[in-house]
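Single-structure report; data block below.
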Amino acid sequence: MTTASSPLPSSVPSPEPEPAPAWARRAAHAIALCAVPSGLWRIAMASGVYVGYSDQVLREAYGIPGWGIAYVLGLAVLAELAALSPLLLVSDRWRPMSPEVLAPLAWTASGILVLGTLWQLVVLFTIESQTYLASGTAQTVWGFVFAPLLAIPALMTAVTWSYAKRHRPRGEAGGGSVTARR
């Protein structure tokens with residue numbers, strides 16, 4: 001006779017985690033969209049469209065025309081690919097890694113994003129404080145194009161929290177297991 005407290009046989013598959021909440025899906029898609037304006041700005045810069053830098057600055061600081069075109073285009077592509085990665089945390093169809101690996105990796109990425117954003121703000125307002133970019137409209141456009149990137153760390157942290165919460169082992173409420181609290 002089997003009782004309710006007996007362990008389940010190992011042949012029974014573990015239950016699927018609940019699907020990602022709608023807000024987490026929207027946040028993951030918003031991360032991907034936040035990187036689009038700056039990517040388009042970089043593509044315009046590499047294509048020779050005036051974005052506020054003089055020809056001398058483009059040549060000397062960015063290597064455009066020349067190797068700098070590949071660098072700027074590569075940076076735009078890599079930034080968008082990185083911005084698409086949070087979609088893995090809300091996907092129900094494709095799981096390239098186990099939750100035990102993906103959750104710590106996502107928390108690490110989230111922490112790096114927060115620290116990197118804080119570092120970039122320090123650099124922006126102290127060291128680089130508008131040395132190359134022409135003033136006026138070019139700076140305003142630059143500000144509007146790169147401002148969405150500031151939302152990515154908070155959105156990534158929220159999506160990561162949702163993923164970690166959904167993939168927590170059953171019976172684990174606040175960090176410890178049910179058996180550890182007895």
Side-chain angles (χ1 to χ4, degrees), residues 14-53 58 61-124 128 132-133 138-169:
S14 64
E16 285 292 315
E18 59 190 63
W23 66 264
R25 288 182 185 279
R26 285 192 293 270
H29 285 86
I31 292 170
L33 292 175
C34 284
V36 171
S38 60
L40 292 175
W41 186 87
R42 287 182 180 116
I43 290 169
M45 181 174 130
S47 300
V49 175
Y50 178 72
V51 293
Y53 293 121
L58 287 174
Y62 296 102
I64 295 175
W67 67 270
I69 293 173
Y71 169 75
V72 171
L73 291 176
L75 185 59
V77 169
L78 285 175
E80 190 58 42
L81 288 175
L84 289 171
S85 64
L87 293 173
L88 293 174
L89 301 176
V90 297
S91 173
D92 296 328
R93 297 184 194 136
W94 189 58
R95 293 194 182 106
M97 297 180 216
S98 72
E100 294 82 21
V101 174
L102 193 54
L105 188 63
W107 279 118
T108 302
S110 183
I112 289 171
L113 283 169
V114 169
L115 292 175
T117 300
L118 292 174
W119 175 252
Q120 287 300 311
L121 288 172
V122 168
V123 169
L124 175 68
E128 285 289 326
Y132 296 131
L133 200 58
Q139 284 182 346
T140 304
V141 169
W142 181 88
F144 280 121
V145 164
F146 282 89
L149 295 178
L150 296 175
I152 290 178
L155 291 169
M156 180 65 182
T157 301
V159 170
T160 301
W161 176 80
S162 171
Y163 180 83
K165 182 180 173 190
R166 286 181 293 113
H167 289 83
R168 189 176 321 170

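V114 places none of its side-chain heavy atoms less than 4.5 Å from the side chain of M156. Counting heavy atoms from C-beta outward, P21 and R166 have side chains that approach closer than 4.5 Å. Using a 4.5 Å heavy-atom threshold, the side chains of W41 and V51 count as touching.
Using a distance-only test at 3.5 Å, with no hydrogens or angles considered, a donor-acceptor pair links the side chain of S47 to the main chain of I43. Distance alone, capped at 3.5 Å, places no donor-acceptor pair between the R42 side chain and the L75 backbone.
Taking CG of L73 as the start and CE of M45 as the end, the distance is 9.5 Å to the nearest 0.5 Å. The CG atom of L87 sits 9.5 Å away from the CZ atom of R25 when rounded to the nearest 0.5 Å. Note that CD1 of I31 is 11.5 Å distant from CG of L149, once rounded to the nearest 0.5 Å. Here CH2 of W107 is found 12.5 Å from OH of Y163. Values are rounded to the nearest 0.5 Å.
Closest of all the heavy-atom pairs between A35 and E80 is CB-OE1, 3.3 Å. Smallest separation of non-hydrogen atoms from G68 and I64: C-CG1, 3.8 Å. Of all heavy-atom pairs spanning L155 and A30, the tightest one is CD1-CB, 4.0 Å. The shortest heavy-atom contact between A158 and W23 is O-CH2, 3.5 Å. When all heavy atoms of P86 and V159 are compared, the closest pair comes out as O-CG1, 4.1 Å. Heavy-atom minimum distance, P37 versus V145: O-CG1, 3.2 Å.
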Would I152 and L113 count as a side-chain contact (heavy atoms from CB on, under 4.5 Å) here? Give the steps. CA-CA 8 Å; I152 290 178; L113 283 169; 4.0 Å; yes
After noting the C-alpha distance and the side-chain angles of S162 and L89, does the key distance pass the side-chain contact (heavy atoms from CB on, under 4.5 Å) rule? CA-CA 8 Å; S162 171; L89 301 176; over 6 Å; no
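In the model, T157 has a side-chain atom that pairs as donor or acceptor with a side-chain atom of S110 under 3.5 Å.
Open room surrounds OH on Y71; 12 or fewer heavy atoms of other groups in view lie less than 6.0 Å from it.
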